[in-house]
Trainee: 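Below you'll find the structure I mean.
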Amino acid sequence: ITDTKVVRGNYTDAELQQIGLSFKNNWATRSDKAPFNGSYKLSFGNKHDFNSMVWGYVGSLNYSNSYHHKDSDKAFYTSGTDELQYQYQSSSYTRSVLIGSLLNTSLKIGDHHKLSLKNTFNRTMDDETASFAGFYNYTSQYRDNTSLKFVSQSMSSHQLIGEHYFRVRSGLDLNWNLNYSRSERDEPDSRRYAYSRDIDNPDEPLRFLLDQSLNFRFFSQLEDENYGSALNLKLKPFQDATMPTVRIGMMSDSKSRDFSARFFGFRNIPGGNFMTEDSILQLPISDIFSAQNINSKFIEVVEQTKGADSYTSDQMIWAFYAMTDFTVHHNLTITGGLRYEHSEQNLDSKTLTNEPVRVEHDYRDLLPSLNMIYRLSSNTNLRGSYGRTLARPEFREMAPFSYYDFINNENVQGNTELVRSLIDNFDLRYEWFLSGNEMISLSLFYKYFKNPIEQTLIPTGANAPTRTFKNAD
C-alpha cells in the first residue's frame, strides 16, 4: 500500500479490490488453554585488579512469558442524567512476553576516580484479545464487539558516568554523565469489529455491522530519541562540618518523537443483492471477509486516516542549579537552593481538515527550594520545607491525534492548548525518634497548583465518550 490515501478517486475499482485482498483474513478468534506463566534469568559478573585499578562488570539476560484474563462489567450514562448509554460485560485475554538484557561495567582508578558504562535493553510484546457484549441504547441494539491487538515496545539506554574527587579545600566532588536512549512502539495490525441484533428480539441472528467506523484495521509506529548530559560539583570550603557546603550543576536533555498511524475501514458498496448480502453478514467473520466478497459490489476498503493521525515533536531542556546547606547554633540546619530551567516544546501535526498545526512553547522558570530542620531535643525534630516544581505535558497529551481505547470504550484525544503546570509545595513535620528504627511523625502539607493538567471526559452523543486533557482553572 502506497502513501496515497486509499479512497475512491485515488484508485480504480480493481486497485481497491487488490488492496482489500492484500489484508490477511485473520479477524477470527479462537479458544485455547494457557500454559503456566514462566520466566528465566541468567546473570554473570566479575572483577579484576590491575595494580591501582579495579575493573568490574555485571550482566544479565531475562525472559518471561505470562497470561492474564480479566472479566468486568461496564456501564456509561449520559452526562447529567440517569439515561443509560450502554451496559456491557467484557472479557480480555493477554499474553505478555518480556525480553531484557543488562550490561554494566566500571573502572576504578585509585581511590578518587571511577568511570562507568551502563547499558540496558528491554522489549515487551503484548498480544491482546478483548470482547464486550450487551445493551447499546442509542440504536436499541444488543452488540457483540471484538478487538485484537498486538503491540511491541522496545527501549535501549546507554550511560557513560564519571565520578571524581579532588583535594581542593576540604574536598571537591565532581560527577558527570552522558546518556542516550531510544524507544520504539509498533502496533502493526489491530482489528476491531461488531455484530448486532435488535434488543427486543433475542432469537434474531447476529449480523455483522459493515460500517467503516465500527470495523477497521489500525497500524501505528512511534520512535523516540533522547540525548542528555549532566555535570555536578560539590565543594566543601571549610573543615568544620557545620559550615556551608556548596553544590552547583547543570544538565541538558533533548527529546524527539516521530509518530504515524493509518486507519483502514470496510464498508458496504451499494449495487449488490440485498438478500444474499444479508445472509453473508450473518456468517462468521472469516467467511464474510473471504476473497469472493471483496469487490466493487459488496465489501470495499476505505482509508480513514486524518492529518492529525501523524505528528512530530521535540523538547529541549537546559537547567542550572546552586544550593548550600549549613548548621546554625547546632540546633538548626538549613538547606536552600535555586534551579533555573529553560525549556522548549514544539509539535507539528494537522487538524481534522488537514490544516497545519504548530505548537510552540518556550518556558523560563525559577524553582526555589528551602528545607529547615530544628532539633527540639536529642530525639525530636521539627521540619519545614518549601519547593516549587513543574510538570510538562507529554507529547501524546498535546497531539491532536485521537485513538479508540477498546478496553475502556472511549476515544482518547490530545489538546494542543495544554501548557506546563507549576506546583508550590509546603510541608511541616514533627518527628519523635523512639528506640531502634521506630519513629512517630505528624505531617501537614499544602500544595498550590497553577494550570494543573487533568483528564476530562466529554460526552459525544451516540458515539463513545472522548477522554482528553486540559489545564484546570
Trainee: Does the pair D348 and Y311 meet the rule for a side-chain contact (heavy atoms from CB on, under 4.5 Å), with working shown?
Mentor: CA-CA 6 Å; D348 289 285; Y311 66 89; over 6 Å; no
Trainee: Any donor and acceptor pair, going by atom type alone, linking the side chain of N293 with main-chain N or O of D287 inside 3.5 Å?
Mentor: yes
Trainee: Step by step, work out the side-chain contact (heavy atoms from CB on, under 4.5 Å) result for I1 and F264.
Mentor: CA-CA 11 Å; I1 299 176; F264 299 93; 4.2 Å; yes
Trainee: Checking the side chain of N104 only, and the main-chain atoms of N119 only, is there a donor and an acceptor separated by less than 3.5 Å?
Mentor: yes
Trainee: Can you measure from OG (S64) to NZ (K41) and round to the nearest 0.5 angstrom?
Mentor: 11.0 Å
Trainee: If you draw a 6.0 Å radius around NZ in K447, do more than 12 non-hydrogen atoms from other residues or ligands fall strictly inside?
Mentor: yes
Trainee: On the 0 to 90° scale, with breaks at 30° and 60°, tag the Y446-F426 ring pair as parallel, tilted or perpendicular.
Mentor: tilted
Trainee: For the CG atom of N25 and the CD1 atom of I285, what is their distance to the nearest 0.5 Å?
Mentor: 8.0 Å
Trainee: Please check if any side-chain donor atom of W55 sits under 3.5 Å from a side-chain acceptor atom of T105, or the reverse.
Mentor: yes
Trainee: Check whether the side chains of S91 and S131 place a donor and an acceptor atom closer than 3.5 Å, and report yes or no.
Mentor: no
Trainee: Side-chain donor-acceptor pair under 3.5 Å between T466 and T468, yes or no?
Mentor: no
Trainee: For R30 and D32, run salt bridge (charged side-chain N to carboxylate O under 4.0 Å, His left out): C-alpha distance rounded to whole Å, both residues' side-chain angles, the deciding distance at 0.1 Å, then the answer.
Mentor: CA-CA 7 Å; R30 62 182 178 87; D32 204 349; 3.3 Å; yes
Trainee: Would you give the length of the straight line joining atom CG of L178 to atom CD of Q159, rounded to the nearest 0.5 angstrom?
Mentor: 10.0 Å
Trainee: Is there a donor-acceptor contact under 3.5 Å linking the side chains of S116 and S106?
Mentor: yes
Trainee: Has the side chain of Q345 got a donor or acceptor atom that lies under 3.5 Å from a matching backbone atom of P393?
Mentor: yes
Trainee: Is any side-chain heavy atom of W176 closer than 4.5 Å to one of S229?
Mentor: no
Trainee: In terms of side-chain heavy atoms, does S31 have a donor or acceptor partner in Y93 at a distance below 3.5 Å?
Mentor: no
Trainee: The test is side-chain contact (heavy atoms from CB on, under 4.5 Å); show your working for F121 and S154 and say whether it passes.
Mentor: CA-CA 7 Å; F121 174 80; S154 66; 4.2 Å; yes
Trainee: Looking at K470 and N415, would you say the former's side chain and the latter's main chain have a donor-acceptor pair under 3.5 Å?
Mentor: no
Trainee: Hey, is CD on Q89 packed in by over 12 heavy atoms from elsewhere, all under 6.0 Å?
Mentor: no
Trainee: Pairing donors with acceptors under 3.5 angstrom, does anything connect the side chains of T312 and D258?
Mentor: no
Trainee: Could I get the full list of side-chain hydrogen bond (donor to acceptor under 3.5 Å, both in side chains) partners for T389, not counting sequence neighbours?
Mentor: N425
Trainee: Dump the intermediate steps for side-chain contact (heavy atoms from CB on, under 4.5 Å) on S152 and R123, then the final yes or no.
Mentor: CA-CA 7 Å; S152 172; R123 180 182 292 277; 3.1 Å; yes
Trainee: More than 12 heavy atoms of other residues, nucleotides or ligands under 6.0 Å from CD of E417: yes or no?
Mentor: no
Trainee: Angle between ring planes, F289 versus F208, binned at 30° and 60°: parallel, tilted or perpendicular?
Mentor: perpendicular
Trainee: Any side-chain to backbone donor/acceptor pair from Q304 onto Q212? Under 3.5 Å, distance only.
Mentor: yes
Trainee: Which atom pair, heavy atoms only, marks the closest approach of R143 to L214?
Mentor: NH1-CD2, 4.0 Å
Trainee: Mark yes or no for whether D253, through its side chain, and I317, through its backbone, hold a donor-acceptor pair below 3.5 Å.
Mentor: no
Trainee: Taking the six-membered ring for Trp, are F132 and Y88 parallel (under 30°), tilted (30 to 60°) or perpendicular (over 60°)?
Mentor: tilted
Trainee: When rounded to the nearest 0.5 angstrom, what is the spacing between CG in N201 and OH in Y142?
Mentor: 13.5 Å
Trainee: Is the count of non-hydrogen atoms from other residues, nucleotides or ligands lying under 6.0 Å from F44 atom CZ greater than 12?
Mentor: yes
Trainee: Looking at S313 and N346, would you say the former's side chain and the latter's main chain have a donor-acceptor pair under 3.5 Å?
Mentor: no
Trainee: Determine whether the aromatic ring centres of Y136 and Y86 lie less than 6.0 Å apart.
Mentor: no
Trainee: Taking the side chain as everything from C-beta on, heavy atoms only, tell me whether E300 gets closer than 4.5 Å to R8.
Mentor: yes
Trainee: Within the distance-only criterion (no hydrogens, no angle test), does the side chain of S90 pair as donor or acceptor with the backbone N or O of S72 below 3.5 angstrom?
Mentor: yes
Trainee: Measure across E397 and L418 and return the closest heavy-atom pair with its distance rounded to 0.1 Å.
Mentor: O-CD1, 3.4 Å
Trainee: Output yes when a side-chain donor or acceptor of D309 lies under 3.5 Å from a complementary backbone atom of A261, and no otherwise.
Mentor: no
Trainee: Is there a side-chain contact between N268 and F298, using heavy atoms and a 4.5 Å cut-off?
Mentor: yes
Trainee: Quick check against the 3.5 Å criterion: does Q17 have a side-chain atom that pairs as donor or acceptor with the backbone of I294?
Mentor: yes
Trainee: Hey, are the side chains of N175 and I161 touching, using non-hydrogen atoms and a 4.5 Å cut-off?
Mentor: no
Trainee: When T124 is tested against each of V151, V97, L98 for side chain to side chain contact (heavy atoms under 4.5 Å, CB included), which residue passes?
Mentor: L98
Trainee: Hey, which of K149, R262, R217, K24 is the one that makes salt bridge (Lys or Arg N to Asp or Glu O under 4.0 Å) with D189?
Mentor: R217
Trainee: When E225 is tested against each of R182, R257, K255 for salt bridge (Lys or Arg N to Asp or Glu O under 4.0 Å), which residue passes?
Mentor: R182
Trainee: Taking the side chain as everything from C-beta on, heavy atoms only, tell me whether Y193 gets closer than 4.5 Å to L209.
Mentor: no
Trainee: For the atom pair CG (D278) and CZ (R207), what is the distance rounded to the nearest 0.5 Å?
Mentor: 4.0 Å
Trainee: Got a sec: does the NZ of K47 have more than 12 other heavy atoms crowding it under 6.0 Å?
Mentor: no
Trainee: Between R192 and W27, what is the shortest heavy-atom contact and its length?
Mentor: O-CZ3, 3.8 Å
Trainee: Looking only at heavy atoms, which two atoms of K350 and P400 are closest? And how far apart?
Mentor: O-CG, 3.8 Å
Trainee: Could you tell me the separation between the CD atom of E341 and the OH atom of Y363, rounded to the nearest 0.5 Å?
Mentor: 12.5 Å
Trainee: Cut-off 3.5 Å, side chains only: do T353 and E355 have a donor facing an acceptor?
Mentor: no
Trainee: Below 4.5 Å, heavy atoms only, C-beta onward: do E184 and D186 meet side chain to side chain?
Mentor: no
Trainee: Do you see a donor-acceptor pair shorter than 3.5 Å between the side chains of S421 and N451?
Mentor: no
Trainee: So does Y448 have more than 12 non-hydrogen atoms from other groups sitting under 6.0 Å from OH?
Mentor: no
Trainee: Work out which heavy atom in T4 is nearest to a heavy atom in E303; give both atom names and the distance.
Mentor: O-OE1, 4.1 Å
Trainee: Answer yes or no: is there an ion pair linking R420 with D365, defined by an N-O contact shorter than 4.0 Å?
Mentor: yes
Trainee: Using every non-hydrogen atom in the two residues, find where L283 and S279 come nearest and quote the distance to one decimal.
Mentor: CG-O, 3.7 Å
Trainee: Once the angle between the rings of F263 and F218 is folded into 0 to 90°, is it parallel (under 30°), tilted (30 to 60°) or perpendicular (over 60°)?
Mentor: tilted
Trainee: With a 4.5 Å cut-off on side-chain heavy atoms, are L84 and N137 touching?
Mentor: no
